[in-house]
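Here the structure is laid out as structure tokens; the discussion comes afterwards.
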Amino acid sequence: MSSSEEETPLNAVKRKRVTSKPELALSESEDGLAAGSEKVKTPTTSFSEDESEDVPLKKRKTNSKATQSRPRVKKESPSSASVSPRKKNQQSKEPKIKKEDTPRVKTEDEAEEEEKYKWWEQQDLNDEIVWDTLEHNGVIFPPDYEPLPSHVKLIYDKKPVSLPPAAEEVAGFFAALLESDHAKNPTFQKNFFADFLEVLKENGGCPDAEITEFEKCDFSQMFEYFQKQKEEKKAISPQEKKRIKQEKEKMEEKYKFCLLNGRREQVGNFRVEPPGLFRGRGAHPKTGKLKKRVQPEDITLNLSKDAPIPPPPEGHQWGEIKHDNTVAWLAMWRENVLGSVKYVRFAQNSSLKGMSDFKKFEKARELKNYIDAIRKDYRAKLKSELMMDRQLATATYLIDVFALRAGGEKSEDEADTVGCCSLRYEHIFLKPPNTVVFDFLGKDSIRFYQEVEVDPQVFKNLRIFKKSPKKPGDNLFDRIDPSVLNKYFQSYLPGLTAKVFRTYNASKTMQDQIDLIKNEGTVNEKVVKFNAANRTVAILCNHQRTVSKNHEAGVQKINEKIEEMIWRKIVLKRMMLQQDKSLRKKDFKYFEEVDDMSKEEEQKIIERVLQKEKEKIEKRYERELLKLGYEELTKDEKAKKKEELAADHKSRLEKHKELEKTYKNEFKTGTYEIKPTQTVEKLQQQVEKIETRIKNTSLQLKDKEDNSQVALNTSKINYIDPRLTVMFSKKFNVPIEKLFTKTLREKFAWAIESADENWRF
DNA sequence: TGCAGGACTTAGGAGTAATTTG
DNA sequence: CAAATTACTCCTAAGTCCTGCA
């Protein structure tokens, strides 16, 4: 209760942030090592070098503006900015800023530094206008469809049929998925087939047959052709692969970057989505529908008024050109399946994305200062006379405690998934006295199943919300929806919404978990602990993944490995005893396990070990023979070599037989053949070695098991304040590379530079 | 004043590259 | 050194939340 209220409202939080910032400038060098070398290579783009001549006036203007408008202004700006989202100018808000704003001349250094613009060292995070100037090269379109060779056909009613290219393309989309779950999904089949028939009709139909029934379509020939193509692609030489890749990169280079306020920044998804079959998740009513090819005419570009308009593809026009600097997209088009809009945006490592990430986490940190009051309030409100208030309070409880999403209304032609406000009668089961079982499909049709104890009053309320005449299919919360809920949250803190609770609770959990970690062990052990902390967050947020097909097999394999190691260890210990029986008395515990393994078990393991060894020998021989086939030798040489190999192989096999005999004999008699070098000391060392290996492998197995159903990345990327990860890295001396991949390091550059080992969420 | 739709974040899986293993 | 395994990136669907409009 008396926790976070340290007289530290927003200012203190912010001040802390600001002061912690300038202290560390290390990451400069880190960056240099890791990504630097590649970064330097890239300036072949049309932007960058020629910048200075290319974009004269407005460039100057923006540059000066970019650097100029950030004197060390009030710390208020970040948070107050988010208070006034996209209203008219912020003039009324921060008049002072304008005044202090003396146009600075930019120094040489700044000009050179331009590439690595550190927005987080600036203070002005205005968010009405998102850019001053924006220049880019448009988008890349997927290649045109290439008809299949004439011997590859759709088989209809047992006969190969020809299709107009447009229809063949659609059939091909399905054929490519033939062995996936999609192709077995009746909805997918139905939607695909309907659209396929339509395209077929539009293009003159099939000359060879009247296609009317999905069941009579046989896509296997097409499928096999695609498989073969894949194989062929895989088989091309590595150099050739590299060359193709480089060529592609060169071609795409100019689309990869844009000029944002005169600075070079990366674009995210500059490739227009290719046509295909819509792969809706879960029981999506529209899954399988044809996603049509996007034409330049469908595309709206967004860039500066005076920026050059990228040329549309030969013989085409752009749909529309816009100059809207209140939005952060470079291009958009409307997609035909759901009628929603697709955007081409800045990359994750761009300053704009970084800023909004930063704001998101700062908003969540702000919630720290209100959470006690909010919790107190909703606990009281749980008993409110007003139904709406009760629902409000109960929903807030669920969001706060179980990290549920807000749960907006969904239309009929989407998958039936829910969040808090859209929970229905059938999604919760009440078990008195106060246990609730949640069972529903959330975002992406991921099942949320939890049996939990809740506050008694919450339990009572849920029972009331389920009372008749309510029945399955009815909303639990009938008086509220996300907008009501969010309005309620905003009364505490502007900008506070349901999703902020998820961010807050996730980061808070991570902080708490990190606080529990002791700074000991190897780097890898610490990484494992970090992942364990990460995992608690992922579990809180219900971030799941489907267990991979070969998970079970993988686990079994590791288990066998462990068994074998244990057996070897036991054998070593027996050897020790054989040399000195008195050892057993000296350390009974140490030798206890010698008798733990049952005879049957041991026999099985021995056989398995021998079997594996044998397989290895056979495989090796096969490989050697194969290799010999490629070698450029005369017939005689080859024959000779072959003989040698065969001899080697034979001797290995004999050795193996020998080993087999030894093992079996040892197993039968219980006495071991001990080499003179295997002194008791040596054996003991070996035991130690094998023990650490067992420990490591077991740890690895546990990690594998624990992670099999949990997706750690989503929380790492979206919910855990990256400064926590950086703090962990610095405090525990774990290289950040072990925690963030290259792309994440770029995305979170701001965090890597601004958090130290004492940073707290 | 409510709701459709625009703009943005969050999400898991497919595909590919890198690393380990046998 | 190839195959298996794991790590990481790319892709795009599916949410949230807000605004503007009727």
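Numbered from 1 within each chain, the chains take letters A, B, ... in sequence-line order. Just so you know, these numbers use all the heavy atoms, side chains as well, and skip hydrogens, waters and symmetry mates.
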Measuring to OP1 and OP2 of dA4(C), would you say a side-chain N or O of K557(A) lies under 4.0 angstrom away? no
Quick one: do E362(A) and R365(A) make a salt bridge, cutoff under 4.0 Å? yes
Look at K704(A) and dT6(C) and indicate whether a side-chain polar atom (N or O) is within less than 4.0 Å of OP1 or OP2. yes
Is any side-chain N or O of T497(A) closer than 4.0 Å to OP1 or OP2 of dC17(C)? yes
Atom pair distance, as rounded to whole Å: CD in E231(A) and P in dT16(B): 13 Å
Would you name the heavy atoms of K353(A) and Q348(A) that are closest together and state the gap between them? CB-O, 3.7 Å
Atom pair distance, as rounded to whole Å: CG in D324(A) and P in dT19(C): 14 Å
Please state whether the phosphate of dT9(B), meaning OP1 or OP2, lies under 4.0 angstrom from any side-chain nitrogen or oxygen of K499(A). no
So, is R281(A) close to the dT12(C) phosphate, meaning a side-chain N or O under 4.0 Å from OP1 or OP2? no
H543(A) vs dT10(B): side-chain N/O to OP1/OP2 distance below 4.0 Å: no
Can you measure F448(A) atom CZ to dG15(C) atom C1' for me and round it to whole angstrom units? 16 Å
From dA13(C), dT9(B), dA17(B), pick the nucleotide closest to the side chain of K245(A)? dA17(B)
Of M332(A) and H182(A), the one whose closest nucleotide on DNA chain B sits nearer the 5' end is M332(A)
Below the 4.0 Å mark, does dT9(B) have OP1 or OP2 next to a side-chain nitrogen or oxygen of N718(A)? no
Under 4.0 Å from OP1 or OP2 of dT9(C): is there any side-chain N or O of T743(A) that close? yes
Given side chains that start at C-beta, do those of Q544(A) and N542(A) come closer than 4.5 Å, heavy atoms only? yes
Indicate yes or no: does E335(A) engage K292(A) in a salt bridge with an N to O separation below 4.0 Å. no
Are OP1 or OP2 of dT12(C) and a side-chain N or O of Y343(A) less than 4.0 angstrom apart? no
To the nearest Å, give me how far apart NZ (K747(A)) and C1' (dC8(C)) are. 15 Å
Under 4.0 angstrom between K291(A) side-chain N/O and dA13(C) OP1 or OP2: yes
So, R345(A) versus N269(A): side-chain donor-acceptor pair below 3.5 Å or not? no
Starting at CD1 of I446(A) and ending at P of dA13(C), how long is that distance when rounded to a whole Å? 16 Å
In whole angstrom, what separates K242(A)'s NZ from dA17(B)'s P? 11 Å
In whole angstroms, how far is the C1' atom of dT19(B) from the CG atom of N524(A)? 14 Å
Given dT9(B), dA13(C), dA11(B), the nucleotide with the shortest approach to the side chain of E273(A): dA13(C)
Check this one for me: any side-chain N or O of R502(A) less than 4.0 Å away from OP1 or OP2 of dA11(B)? yes
What nucleotide, of dC11(C), dT12(C), dG13(B), holds the atom closest to the side chain of R271(A)? dC11(C)
Write down the distance between CD (E412(A)) and P (dA4(B)), rounded to a whole number of angstrom. 14 Å
Which nucleotide in dT9(B), dC18(C), dA11(B) has an atom nearest any side-chain atom of K353(A): dT9(B)
So, is T546(A) near the phosphate of dG13(B), with a side-chain N or O under 4.0 Å from OP1 or OP2? yes
Indicate yes or no: at least one non-hydrogen side-chain atom of L610(A) is less than 4.5 angstrom from one of H656(A). yes
DNA chain B: 5'-proximal contact among K230(A) and A328(A) (nearest heavy atom): A328(A)
Taking the side chain as every heavy atom from C-beta outward, state whether F192(A) and T287(A) have any atom pair closer than 4.5 Å. no
So, does S340(A) get its side chain near the phosphate of dA14(C), meaning an N or O under 4.0 Å from OP1 or OP2? no
Would you say S356(A) places a side-chain N or O within less than 4.0 Å of OP1 or OP2 belonging to dT9(B)? yes
Is a donor-acceptor contact shorter than 3.5 angstrom present between the side chain of K342(A) and the base of dT12(C)? no
Taking any heavy-atom pair under 4.0 Å as a contact, classify K286(A): base, sugar-phosphate, or nothing. nothing
